[in-house]
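Protein chains get the first letters and strands the later ones, always in sequence-line order, with residue 1 at the start of each.
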Number of protein chains: 2
Amino acid sequence: MVNKTALKILTDKGLRVTPQRIAVLDILLNFDNHPSIEFITEYLRINFPRISDSTVYNILNTFVKNGIINRVKTENGIIRFDPVTDKHHHLYSIDSEQIEDFFDAELDKLLSEYFLKKQFPNFKIEEIRVQIKGIFNPA
Amino acid sequence: MVNKTALKILTDKGLRVTPQRIAVLDILLNFDNHPSIEFITEYLRINFPRISDSTVYNILNTFVKNGIINRVKTENGIIRFDPVTDKHHHLYSIDSEQIEDFFDAELDKLLSEYFLKKQFPNFKIEEIRVQIKGIFNPA
DNA sequence: ATAATTGCAAAAGCTTTGCATGGCC
DNA sequence: GGCCATGCAAAGCTTTTGCAATTAT
């Protein structure tokens, strides 16, 4: 049950449960396309025609602050949102807006071992993310 | 001679040489701090008090279009610029605005070998970039 | 000479803020 | 009931656009 999940996430974080928040979280959880604010707002207005832009911004900011979602920066500067807050990498499409999550424990191991050997003199590594750009479903 | 370098870059690209363009390029070449538009504009106004914001935007957009510089996206959404257009990775500071270039042929080899083995079914890789976040000069 | 760039002003986006109303706990 | 979230309007930023004057080739 999706609503249950959204509801649980909100209550677990001690956040007030409003229909708008549930709707936003449902969208984030059900579309694994890292939606933009524009996408989220358009979709929301199907069921909440009077929802305001500032409410959507407020909700998303609240979610980010509470670690429910992350911002994903894209090449064109449009911010998108990722409900998967576990550490992972991303596949970016060069010729479309598609973004896919990419989990790879083997890669993570490879990288952490590499950077353990190859220490930086004046830099303490906290996190390594790989951005892989390419073409989905190539001809 | 720095101006000569900036001048050469412009003429090589077939771009008109203006004092403003040389000044912007000089800043980009001399500060290896991946400056923001704000930084660039402030610095420019020391010598060009009347340069307008739109000119700076126009110049930077022209440079990006011509492959002289790249945009670098940061965590807080501020766009910054990188005069090094060779493929490389970045070290990002978690607690400051510092960004450093990071060239590592060994890492590139490691990654390309790894992804040669581990092919994606529906994705053709064009470019791999590693974002390394951490702390410069830790205590 | 002529075509492009500059500077200024205005417009266009995107995001935040202020505040009264309404809804959640 | 008290406090927080919502919706609306307005303000704040950043970036782009239009255009006359200036400058580079």
Side-chain angles (χ1 to χ4, degrees), chain A residues 3 6-27 35-66 68-81 97, chain B residues 3 6-27 35-66 68-81 97:
Chain A
N3 278 11
L7 194 141
K8 188 173 188 315
I9 292 171
L10 292 173
T11 49
D12 283 359
K13 292 284 180 181
L15 293 174
R16 281 205 182 173
V17 178
T18 67
Q20 293 89 338
R21 283 181 175 174
I22 290 184
V24 171
L25 201 37
D26 270 351
I27 292 172
S36 64
I37 288 188
E38 192 186 356
F39 181 96
I40 292 168
T41 305
E42 273 182 25
Y43 205 88
L44 278 171
R45 290 213 217 274
I46 297 171
N47 293 313
F48 297 82
R50 311 194 68 74
I51 198 170
S52 81
D53 289 340
S54 62
T55 299
V56 182
Y57 279 101
N58 284 335
I59 289 174
L60 290 168
N61 286 341
T62 301
F63 287 178
V64 171
K65 273 189 207 122
N66 284 273
I68 295 173
I69 60 176
N70 282 329
R71 282 179 228 272
V72 179
K73 272 130 215 82
T74 63
E75 213 51 30
N76 58 27
I78 306 239
I79 294 171
R80 291 165 65 173
F81 295 91
E97 297 302 311
Chain B
N3 277 13
L7 195 141
K8 187 174 189 315
I9 291 172
L10 292 173
T11 49
D12 283 358
K13 292 284 181 182
L15 293 174
R16 282 204 181 175
V17 178
T18 67
Q20 293 89 338
R21 281 181 176 173
I22 290 184
V24 171
L25 201 38
D26 269 352
I27 292 171
S36 64
I37 288 189
E38 193 187 357
F39 181 95
I40 293 167
T41 306
E42 272 182 27
Y43 206 87
L44 278 172
R45 291 213 217 273
I46 296 172
N47 294 313
F48 297 81
R50 309 195 69 75
I51 198 168
S52 79
D53 289 339
S54 62
T55 299
V56 183
Y57 279 102
N58 284 335
I59 289 174
L60 290 168
N61 286 341
T62 301
F63 288 178
V64 171
K65 274 189 206 119
N66 284 273
I68 295 173
I69 60 175
N70 283 328
R71 282 178 228 273
V72 178
K73 269 127 215 89
T74 63
E75 213 52 28
N76 58 27
I78 306 243
I79 293 170
R80 292 166 63 173
F81 295 92
E97 298 301 314

Student: Find which nucleotide of DNA chain D each of B/Ile37 and B/Arg16 is nearest to by heavy atoms, and output the residue with the more 5' nucleotide.
Tutor: B/Ile37
Student: Any side-chain N or O of B/Ser52 below 4.0 angstrom from OP1/OP2 of C/dT6?
Tutor: no
Student: Hey, does the side chain of B/Gln20 come within less than 4.0 Å of C/dG7's phosphate (OP1/OP2), counting only N and O?
Tutor: yes
Student: For C/dT6, does either OP1 or OP2 sit under 4.0 Å from a side-chain N or O belonging to B/Thr18?
Tutor: yes
Student: So, is B/Arg50 close to the C/dT6 phosphate, meaning a side-chain N or O under 4.0 Å from OP1 or OP2?
Tutor: no
Student: Which residue, A/Leu25, A/Asn47, A/Ile51, forms the side chain to side chain contact (heavy atoms under 4.5 Å, CB included) with A/Gln20?
Tutor: A/Ile51
Student: Between residues 40-47 of chain B and DNA chain D, which residues have a heavy-atom gap below 4.0 Å?
Tutor: none
Student: Does the side-chain contact (heavy atoms from CB on, under 4.5 Å) test come out yes or no for B/Ile79 and B/Ile37, once each step is laid out?
Tutor: CA-CA 8 Å; B/Ile79 293 170; B/Ile37 288 189; over 6 Å; no
Student: Ignoring hydrogens and geometry, is there a side-chain-to-backbone donor-acceptor pair from B/Arg21 to B/Leu15 under 3.5 Å?
Tutor: no
Student: From the 5' end of DNA chain D to its 3' end, which nucleotides mark the outer limits of contact with chain B, defined by a 4.0 Å heavy-atom distance cut-off (strictly under)?
Tutor: D/dT14 to D/dT25
Student: When rounded to the nearest 0.5 angstrom, what distance separates OG1 in A/Thr41 from CG in A/Asp53?
Tutor: 5.5 Å
Student: Calculate, to the nearest 0.5 Å, the distance between atoms CD1 and CG belonging to B/Ile68 and B/Asn70 respectively.
Tutor: 11.0 Å
Student: Heavy atoms only, 4.0 Å cut-off, all strands: where does A/Thr62 land among base, sugar-phosphate and nothing?
Tutor: nothing
Student: Between B/Pro49 and B/Arg21, just flag the one whose closest nucleotide in DNA chain C comes earlier from the 5' side.
Tutor: B/Arg21
Student: With a sphere of 6.0 Å drawn around OH of B/Tyr43, does it hold more than 12 non-hydrogen atoms of other residues, nucleotides or ligands?
Tutor: no
Student: Heavy atoms only: give me the nearest B/Thr74-B/Ile78 pair and the separation to one decimal.
Tutor: OG1-O, 2.7 Å
Student: Donor-acceptor pair, distance only, cut-off 3.5 Å: does the side chain of A/Lys73 make one with the backbone of B/Lys73?
Tutor: no
Student: Between B/Asn58 and A/Ile51, which is nearer to the 5' end of DNA chain D once each is assigned its nearest nucleotide?
Tutor: A/Ile51
Student: What's the CZ-C1' distance between A/Phe48 and C/dG22, to the nearest Å?
Tutor: 15 Å
Student: By the 4.0 Å heavy-atom rule, please label A/Asn61 as base, sugar-phosphate, or nothing.
Tutor: sugar-phosphate
Student: May I have the distance from B/Ile59 (atom CD1) to C/dA4 (atom C1'), rounded to whole angstrom?
Tutor: 13 Å
Student: For residues 57-65 of chain A, which side-chain donor-acceptor pairs fall under 3.5 Å, sequence neighbours excluded?
Tutor:
{"unit_1": "A/Asn58", "atom_1": "ND2", "unit_2": "A/Ser54", "atom_2": "O", "d": "3.2"}
{"unit_1": "A/Asn61", "atom_1": "OD1", "unit_2": "A/Arg71", "atom_2": "NH2", "d": "3.4"}
{"unit_1": "A/Asn61", "atom_1": "ND2", "unit_2": "A/Tyr57", "atom_2": "O", "d": "3.3"}
{"unit_1": "A/Thr62", "atom_1": "OG1", "unit_2": "A/Asn58", "atom_2": "O", "d": "2.8"}

Student: Rounded to whole Å, how long is the line connecting atom CG of B/Leu10 with atom C1' of C/dT5?
Tutor: 13 Å
